[in-house]
Novice: 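Sharing a structure, written as structure tokens. Questions coming.
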Amino acid sequence: FVKITLSEIFETESKIKGFELGALDYISKPIQPKEVLARVKTQLMIQDLQRTLLQKNRELAVSLEKEQELSQLKSRFISIVSHEFKTPLTTIMLSSNLLKRYSARMPPEKQREELNVIEKAVNHMNTLLEDVLTVSRGEAGKVKYQPEPIRIAELFQQLITRFEAFSEGKHRFVFSSDQEHEEYSADPKLLDHILSNLLSNALKFSPQGGTVSCQLFEEIKELVFRI
């Protein structure tokens, strides 16, 4: 819709009044068809550009909002990881000091215990570093998805067995699945990383002696992991 005033009046005040009433342009008589067509085309083009600009501004606002959310998530993630690093570092320092000062009087069994504590702390730090690297690769677009046919239930069960050993009987794991012999196309490394994080959090936030329930099932053509 384009509103153009047709007028025989040339006074500036009359032109201004026409614009105030909503006119986008004006044409003085005598009317020239080519001039009318050119002005209408120009106004239509301006309106189209305005609509495009408005749409781009909206898209930019949404993009900026998402960027801010991602930036906040990244800052929160870095803060959490930095805090998480303190625990294994403190553990390594304490155990290494114990071994340094009292290894001569320590029975071999106690020494092995302290070495196991250090090893677990190092593995935990390695997991945290992998998390940081995965996030960095994702931001840089360097995470490669390399799917291959795998039995996901079997992979899940192997991970649970690994975490059971890591838990040393402090937690009970219960696994159920209706996909034991089904094969799916997935990236085993990425899946291992994701499920390991979920299981690690389950151990961290479950009370000692608690049960970690792990389920794998299909729901509306989607494979669901529930921990």
Side-chain angles (χ1 to χ4, degrees), residues 68-146 150 152-177 186-216 225-227:
Q68 288 174 349
E69 289 178 1
L70 286 173
S71 180
Q72 289 173 358
L73 285 172
K74 182 180 178 182
S75 298
R76 196 177 308 149
F77 174 76
I78 291 173
S79 176
I80 291 170
V81 170
S82 299
H83 177 74
E84 287 290 320
F85 259 111
K86 291 180 181 178
T87 302
L89 283 172
T90 302
T91 301
I92 291 170
M93 188 176 295
L94 289 173
S95 293
S96 61
N97 282 336
L98 282 173
L99 288 170
K100 187 189 297 182
R101 292 183 181 184
Y102 306 110
S103 60
R105 289 179 285 169
M106 262 187 198
E109 185 179 345
K110 180 61 178 175
Q111 291 184 29
R112 283 194 297 270
E113 285 180 9
E114 294 301 328
L115 289 172
N116 285 335
V117 168
I118 292 173
E119 184 180 2
K120 287 180 181 179
V122 170
N123 288 335
H124 182 48
M125 290 179 66
N126 184 59
T127 300
L128 292 173
L129 283 172
E130 282 296 326
D131 289 344
V132 173
L133 288 172
T134 300
V135 171
S136 298
R137 291 189 195 108
E139 287 185 338
K142 294 182 179 179
V143 175
K144 294 182 179 180
Y145 180 62
Q146 298 176 315
I150 58 171
I152 293 180
E154 188 175 311
L155 172 67
F156 202 2
Q157 180 65 71
Q158 289 172 355
L159 279 171
I160 291 169
T161 301
R162 193 167 80 203
F163 274 85
E164 276 182 324
F166 178 78
S167 176
E168 296 181 337
K170 296 176 183 177
H171 295 85
R172 177 171 172 263
F173 286 80
V174 177
F175 176 63
S176 63
S177 171
D187 187 323
K189 289 185 178 179
L190 285 177
L191 198 56
D192 184 292
H193 182 76
I194 293 167
L195 293 175
S196 292
N197 274 333
L198 292 173
L199 288 168
S200 178
N201 286 334
L203 284 179
K204 186 187 300 182
F205 297 108
S206 295
Q208 188 168 327
T211 299
V212 178
S213 176
C214 306
Q215 294 175 292
L216 175 65
F225 298 89
R226 181 177 291 164
I227 300 175

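Nothing here was measured: the structure is a model prediction, and the numbers come from that model.
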Novice: Taking all heavy atoms of S95 and all of V117, pick out the closest pair and write down the distance.
Specialist: OG-CG1, 3.4 Å
Novice: What residues, two or more places apart in sequence or in another chain, satisfy side chain to side chain donor-acceptor pair (under 3.5 Å) together with K204?
Specialist: E84
Novice: Do you know the tightest heavy-atom contact between C214 and F156?
Specialist: CB-CZ, 3.9 Å
Novice: Which heavy atom of A186 sits nearest a heavy atom of L191, and at what distance?
Specialist: CB-CD2, 4.5 Å
Novice: State, to 0.1 Å, how close S96 and I118 come at their nearest heavy-atom pair, and which atoms those are.
Specialist: N-CD1, 4.0 Å
Novice: Inspect the surroundings of CZ in R162 and state if more than 12 heavy atoms from other residues, nucleotides or ligands are less than 6.0 Å away.
Specialist: yes
Novice: May I ask you to decide if M93's main-chain N or O and N97's side chain share a donor-acceptor pair within less than 3.5 Å?
Specialist: yes
Novice: Verify side chain to side chain contact (heavy atoms under 4.5 Å, CB included) between E114 and S103, making sure each step is shown before the conclusion.
Specialist: CA-CA 10 Å; E114 294 301 328; S103 60; over 6 Å; no
Novice: Between N116 (side chain) and R112 (backbone), is there a donor-acceptor pair under 3.5 Å?
Specialist: yes
Novice: Got K120 and T91 here, is their nearest side-chain heavy-atom distance under 4.5 Å?
Specialist: no
Novice: Does any non-hydrogen side-chain atom of E119 lie less than 4.5 Å from one of L115?
Specialist: no
Novice: Quick one: does H171's side chain have a donor or acceptor within less than 3.5 Å of a partner on V212's backbone?
Specialist: no
Novice: Does the side chain of L98 come within less than 4.5 Å of M106's, by heavy atoms?
Specialist: yes
Novice: Do the two ring centres, one from F173 and one from F163, sit under 6.0 Å apart?
Specialist: no
Novice: Give me the atom names and distance for the closest heavy-atom approach of Q146 to D187.
Specialist: N-OD2, 2.8 Å
Novice: Please check if the side chain of S200 supplies one atom and the backbone of S196 the other of a donor-acceptor pair under 3.5 Å.
Specialist: no
